Amino acid sequence: MAASTVRAFAAPLDAVDRIEDRAAGVIEAVKDIVADDPYLGGHYPDFTIYPGVFTIETVYQAARRAIEERGGPGTRAEIAAIASVRFSAPLLPGDVLRATCELTDLDPSRVRVKARCRRGDGRTSAQLTLELLVHKENADA
Amino acid sequence: MIETSVQKEDLREIVAEVLEVDTDELTDTDDFVEVYEADSLRAIEILARIEKKYKVEIPQSELAKMLNLDAVCEVVARYVGT
Amino acid sequence: MLEHADIKRILPHRHPILQVDRVLELDPGNRIVATKAVTGAEPCYVGLPAEAPASAYAYPVSLLVESLGQAGGILWLHTAAQRAEPVTGTLIFGSARDLTLTGHAYPGDVLRHVVHLELVKGDNAFMRGETWVGDTRIATVGEILAVLRQDTTLVPA
């Protein structure tokens, strides 16, 4: 799926190009790292690295999309906690980020997202665990 | 001087927390790197937490030896209470 | 205490990912208070549909964390410079734990980060911090590990 759908919330960039694979509770988000994405020009002027926090953004956007699709119209998911995140290898332009995200319902309004992110060469670039708060928003739009 | 003894179970707790595993999962001889994918960040975190708990300074050069819980105990014992 | 021009001498980040505007207080080796004004003109708000609800304008958590981390980076690098300890390499966000979000910031709000430097071990700095908007704490982070990498591959071996 291409990122042609209009993103309806503030974000530094469209951090998911496609979601390629789905199993029960598992999604895989793919993001091609390109130097001309928003914000990357300042990170850094002399050489580009995909900022670590944008990996968090990739996982969040993928999980949010899955939860909102599952929950139907008006469903919103936002980050309530980042239990842990660690970055173990950099992502440079030309790399492909693949984030395998495991979604677990902690209770009806909380979803834990455990993600392992890999580069094209198979190396783990990051591991993180997020907690998302899920709620229904008044569909007044 | 305050007598501080190194308790293996305290260290197990520190290491397990950093490696995000249960304390009863972490054996004395599990290789941190091979079994739990510990990297240099995790290693430095373990060292920092030990320093904080025992109020000692352990040189980073000791990290190379701290590959499993038994080895951590050995290293820490050399710096604590001496 | 430190204005934007000073900050750019300390951090390698540049517009628009430079996420700290001003440093209000800096106690080397200990604590920093730094601000970042959120405005509707930032790239993260580009292209939001006209019918987007108010909640859509919450400042992205990723940028909030980046901003908090950069405040910590200023504290660490400024401390090292003051102590005449050589600082070389690229500043890297190594890891973070126990970050909880308890509120939101919107265009017009000013983020105020309070970061404490807990321990420096070689090229690694441990910090913890909070982010406030006015009298409301919107984020707390138990541990941030920032790292200086010497090699061009930036890989924590």
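Reminder, nothing fancy here: chain letters follow the sequence lines and each chain counts from 1. These numbers were taken from a predicted model, which means no experiment stands behind them.
Taking CD1 of A:Ile82 as the reference point, atom OG of C:Ser62 lies at 8.5 Å (rounded to 0.5 Å). Atom CG in C:Leu11 sits 8.5 Å away from atom OH in A:Tyr44 (nearest 0.5 Å). Note that the NE2 atom of A:His135 and the OG atom of C:Ser55 stand 6.5 Å from one another [nearest 0.5 Å]. Considering CD of A:Glu57 and CD of C:Glu66, their distance stands at 12.0 Å, rounded to 0.5 Å. Separating the CG atom in C:Leu48 from the CZ atom in A:Arg7 is a distance of 6.5 Å, to the nearest 0.5 Å.
Considering every non-hydrogen atom in both C:Pro49 and A:Ala8, the closest pair reads CD-CA, 4.2 Å. When all heavy atoms of C:Phe93 and A:Phe87 are compared, the pair lying nearest together is O-CD1, 3.1 Å. Heavy-atom minimum distance, A:Ala10 versus C:Ala58: CB-O, 3.7 Å.
Counting only heavy atoms from C-beta outward, the side chains of C:Leu63 and A:Phe54 approach each other to under 4.5 Å. No side-chain heavy atom of A:Leu133 sits under 4.5 Å from any side-chain heavy atom of C:Leu101. Side-chain contact between C:His13 and A:Tyr39 is absent, with no heavy atoms from C-beta onward closer than 4.5 Å. Using a 4.5 Å heavy-atom cutoff, the side chains of A:Pro51 and C:Ile17 are in contact.
Heavy-atom distances place the side chain of A:Pro45, and not its backbone, under 4.5 Å from chain C. When heavy atoms are compared at a cutoff of 4.5 Å, C:Ala96 approaches chain A by way of both its backbone and its side chain. Residue contact with chain C, scored on non-hydrogen atoms closer than 4.5 Å, is absent for A:Glu131. C:Leu91 touches chain A through its backbone: at least one of N, CA, C or O sits under 4.5 Å from a heavy atom, while the side chain does not.
Other residues, nucleotides and ligands place more than 12 heavy atoms under 6.0 Å from the CD atom of A:Glu68. Within a 6.0 Å radius of NZ in A:Lys114, no more than 12 heavy atoms belonging to other residues, nucleotides or ligands are found. Around CZ of C:Arg22, the count of heavy atoms belonging to other residues, nucleotides or ligands within 6.0 Å does not exceed 12.
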### Message
Assess the residue pair A:Val85 and C:Leu99 against the criterion (side-chain contact (heavy atoms from CB on, under 4.5 Å)); give the C-alpha distance rounded to whole Å, side-chain angles, the decisive distance to 0.1 Å, and a yes or no.
### Response
CA-CA 10 Å; A:Val85 57; C:Leu99 195 146; over 6 Å; no
### Task
Test side-chain contact (heavy atoms from CB on, under 4.5 Å) on A:Phe47 and C:Thr90 and set out the steps.
CA-CA 11 Å; A:Phe47 59 103; C:Thr90 307; 4.3 Å; yes
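In terms of heavy-atom pairs under 4.5 Å with chain A, the best-connected choice from C:Cys44, C:Ala139, C:Pro16 is C:Cys44. Between chain C and the options A:Leu13, A:Leu40, A:Ile79, heavy-atom pairs under 4.5 Å are most frequent for A:Ile79.
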